[in-house]
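Nothing fancy with the numbering, it's 1 onward along the sequence. Everything quoted here is computed from the prediction, not taken from an experiment.
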Amino acid sequence: MPVTKINREVQKLKKITGSSEKTGWVKENVAHLLSGFVRYADVNLVVNIGHLWGKSALVFCDAMFNNRDFEDNWDPGDDPFSTHSRRNTNDSEIREVHSVDPLIQPLGHRPLHAHPEGTDFIKSCYPGFTFHNEKSDLFFLTFDFAPYKRKMIFIDGDHSYEGALRDCQNAIRNNFDFIIIDDTSYIPHIEKAARDSLVKSYDFLSLPYWNGLNIAAEEYCGLE
């Protein structure tokens with residue numbers, strides 16, 4: 001298998017931080033899905049709740065900041081297709097990834113050098129990355145979401161029902177277009193929190209493969 005840029009970055013980050021001995025993290029199939037989803041949704045902002053040692057943050061940064069164009073001069077297509085595509089185009093030039101974690105996990109779960117060594121490494125690779133060493137409740141209270149046209153959040157932080165519910169509710173309150181919740185297959189109360197948080201303006205999809213993902217998308221997202 002050829003070694004890619006993102007593979008080298010993940011391996012270096014893993015060496016810097018020591019990764020985590022007792023906690024799972026984003027596996028390959030999930031990482032590829034998340035990477036593709038960032039490109040598919042064409043978001044301006046990715047908020048990553050739950051940093052651990054930073055693999056998910058690197059995946060999001062690679063997807064957000066590295067071009068993967070299939071062609072550079074594609075034909076416009078018929079009028080209905082072109083009109084629909086233009087309505088979904090995100091013309092904002094803002095591109096940022098923010099990772100949030102108080103890093104208070106017990107030893108063995110908490111990587112010893114996740115911050116600042118690990119987060120400084122990610123920042124050196126991707127200047128559009130910012131780490132917030134705080135609880136997500138504080139992040140939602142203090143961060144200004146107004147400049148971002150299209151927003152996505154990946155919730156993989158507090159794995160209690162109450163914590164996951166608050167993260168989902170805060171994402172909805174701040175009008176995130178896409179909400180992805182991790183670990184829903186083997187921790188059923190997280191999927192319950194995701195479902196309990198939803199309002200009628202969001203569509204909901206459960207993907208029970210691997211560790212499980214729930215995806216909530218605001219209806220008619222992007223059709224300004």
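Follow the hydrophobic side-chain contacts under 4.5 Å out from W210 and you reach F60 in the same cluster. By the rule that hydrophobic residues join a cluster once side-chain heavy atoms approach within less than 4.5 Å of another member, L52 and I16 end up as members of one cluster. Linking ILVMFWY residues whenever their side-chain heavy atoms come closer than 4.5 Å, directly or via other members, places V47 and I172 in the same cluster. Linking ILVMFWY side-chain heavy atoms closer than 4.5 Å, directly or via other members, places I187 and V30 in two distinct hydrophobic clusters. Taken together through direct or relayed side-chain contacts under 4.5 Å among Ile, Leu, Val, Met, Phe, Trp and Tyr, L205 and L198 form parts of separate hydrophobic clusters.
For the atom pair CG (L33) and CG (L207), the distance works out to 6.5 Å, reported to the nearest 0.5 Å. Within the model, atoms CG of D91 and CZ of R150 stand 9.0 Å from one another, a figure rounded to the nearest 0.5 Å. The line from NZ of K149 to CD of E93 is 11.5 Å long, rounded to the nearest 0.5 Å. Taking CD1 of I181 as the reference point, atom CG of D156 lies at 11.0 Å (rounded to 0.5 Å). Atoms NE2 and CG, from H32 and L34 in turn, are 11.0 Å apart once rounded to the nearest 0.5 Å. Interatomic distance, NZ of K123 versus SG of C61, reported as 9.0 Å (0.5 Å rounding).
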Validation: residues 125-143 side-chain donor-acceptor distances under 3.5 Å, sequence neighbours left out:
residue: Y126; atom: OH; partner: K5; partner atom: NZ; Å: 3.2
residue: Y126; atom: OH; partner: E9; partner atom: OE1; Å: 2.7
residue: Y126; atom: OH; partner: E9; partner atom: OE2; Å: 3.2
residue: Y126; atom: OH; partner: N66; partner atom: ND2; Å: 3.3
residue: H132; atom: NE2; partner: H98; partner atom: ND1; Å: 2.8
residue: N133; atom: ND2; partner: D101; partner atom: O; Å: 3.1
residue: N133; atom: ND2; partner: P102; partner atom: O; Å: 3.2
residue: S136; atom: OG; partner: D167; partner atom: OD1; Å: 2.6
residue: D137; atom: OD1; partner: R166; partner atom: NE; Å: 3.4
residue: D137; atom: OD2; partner: R166; partner atom: NE; Å: 3.1
residue: T142; atom: OG1; partner: L138; partner atom: O; Å: 2.9

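Residues that satisfy the salt bridge (Lys or Arg N to Asp or Glu O under 4.0 Å) test with E96, not counting sequence neighbours, are absent from this structure. The salt bridge (Lys or Arg N to Asp or Glu O under 4.0 Å) search around K27 returns none, not counting sequence neighbours. For D62, the salt bridge (Lys or Arg N to Asp or Glu O under 4.0 Å) partners two or more places apart in sequence, or in a different chain, are R39, R68. In this view, E28 and K55 satisfy the salt bridge (Lys or Arg N to Asp or Glu O under 4.0 Å) rule, not counting sequence neighbours. By the side-chain contact (heavy atoms from CB on, under 4.5 Å) test, S19 pairs with K14, W25, W53, sequence neighbours left out. Take K151 and apply the side-chain contact (heavy atoms from CB on, under 4.5 Å) test, not counting sequence neighbours, and it matches L45, F145, Y148, N175, F176, D177.
Counting only N and O atoms by type, the side chains of S20 and H109 include no donor and acceptor under 3.5 Å apart. With no hydrogens or angles considered, a side-chain donor-acceptor pair links D158 and S160 at under 3.5 Å.
Residue I179 comes nearest to A171 through the heavy atom pair CD1-CB, 3.8 Å, listed as atom of the first residue, atom of the second, then distance. Across all their heavy atoms, T17 and G118 have their closest contact at CG2-CA, 3.8 Å. The shortest non-hydrogen separation linking F178 to A41 is CE1-CB, 3.4 Å. Residues T184 and G212 approach most closely at OG1-C, 3.2 Å, considering heavy atoms. The minimum heavy-atom distance between I190 and H159, with the atom names listed, is CD1-CD2, 3.6 Å. Residues F204 and A194 approach most closely at CE1-CB, 4.2 Å, considering heavy atoms.
Among residue pairs with one or both ends in residues 179-198, none qualify as ring-ring contact (aromatic ring centres under 6.0 Å, His included); sequence neighbours excluded. Residue pairs meeting the salt bridge (Lys or Arg N to Asp or Glu O under 4.0 Å) criterion with at least one member in residues 182-199, sequence neighbours excluded: E191-R195, K192-D196.
No side-chain heavy atom of Y209 sits less than 4.5 Å from a side-chain heavy atom of N29. Inter-residue side-chain proximity for T119 and S99 is flagged as unmet; no heavy-atom pair is nearer than 4.5 Å. The shortest distance between side-chain heavy atoms of S185 and N211 does not fall below 4.5 Å. Residues L13 and V10 form no side-chain contact, since every pair of their non-hydrogen atoms from C-beta on lies 4.5 Å or further apart. Put simply, the side chain of I180 reaches to within 4.5 Å of the side chain of F37, judged on heavy atoms. Proximity of V46 to F154: side-chain heavy atoms (C-beta onward) are nowhere separated by under 4.5 Å. A heavy-atom distance below 4.5 Å is not found between the side chains of N48 and V100. Contact of the V43 side chain with the M64 side chain is registered, since non-hydrogen atoms from C-beta on lie closer than 4.5 Å.
Between the N88 side chain and the H84 main chain, a donor and an acceptor come within less than 3.5 Å of each other. Between the S35 side chain and the A31 main chain, no donor and acceptor come within less than 3.5 Å of each other.
Counting non-hydrogen atoms of neighbouring residues, nucleotides and ligands closer than 6.0 angstrom, the CG atom of D69 exceeds 12 such neighbours.
Here L112 is tied into one hydrophobic group with L107, each link being a pair of ILVMFWY side chains closer than 4.5 Å. In this structure, I104 stands alone, with no Ile, Leu, Val, Met, Phe, Trp or Tyr side-chain heavy atom under 4.5 Å from its own, directly or through other members. W74 belongs to a hydrophobic cluster whose other members, connected by ILVMFWY side-chain contacts under 4.5 Å either directly or through intermediates, are F81.
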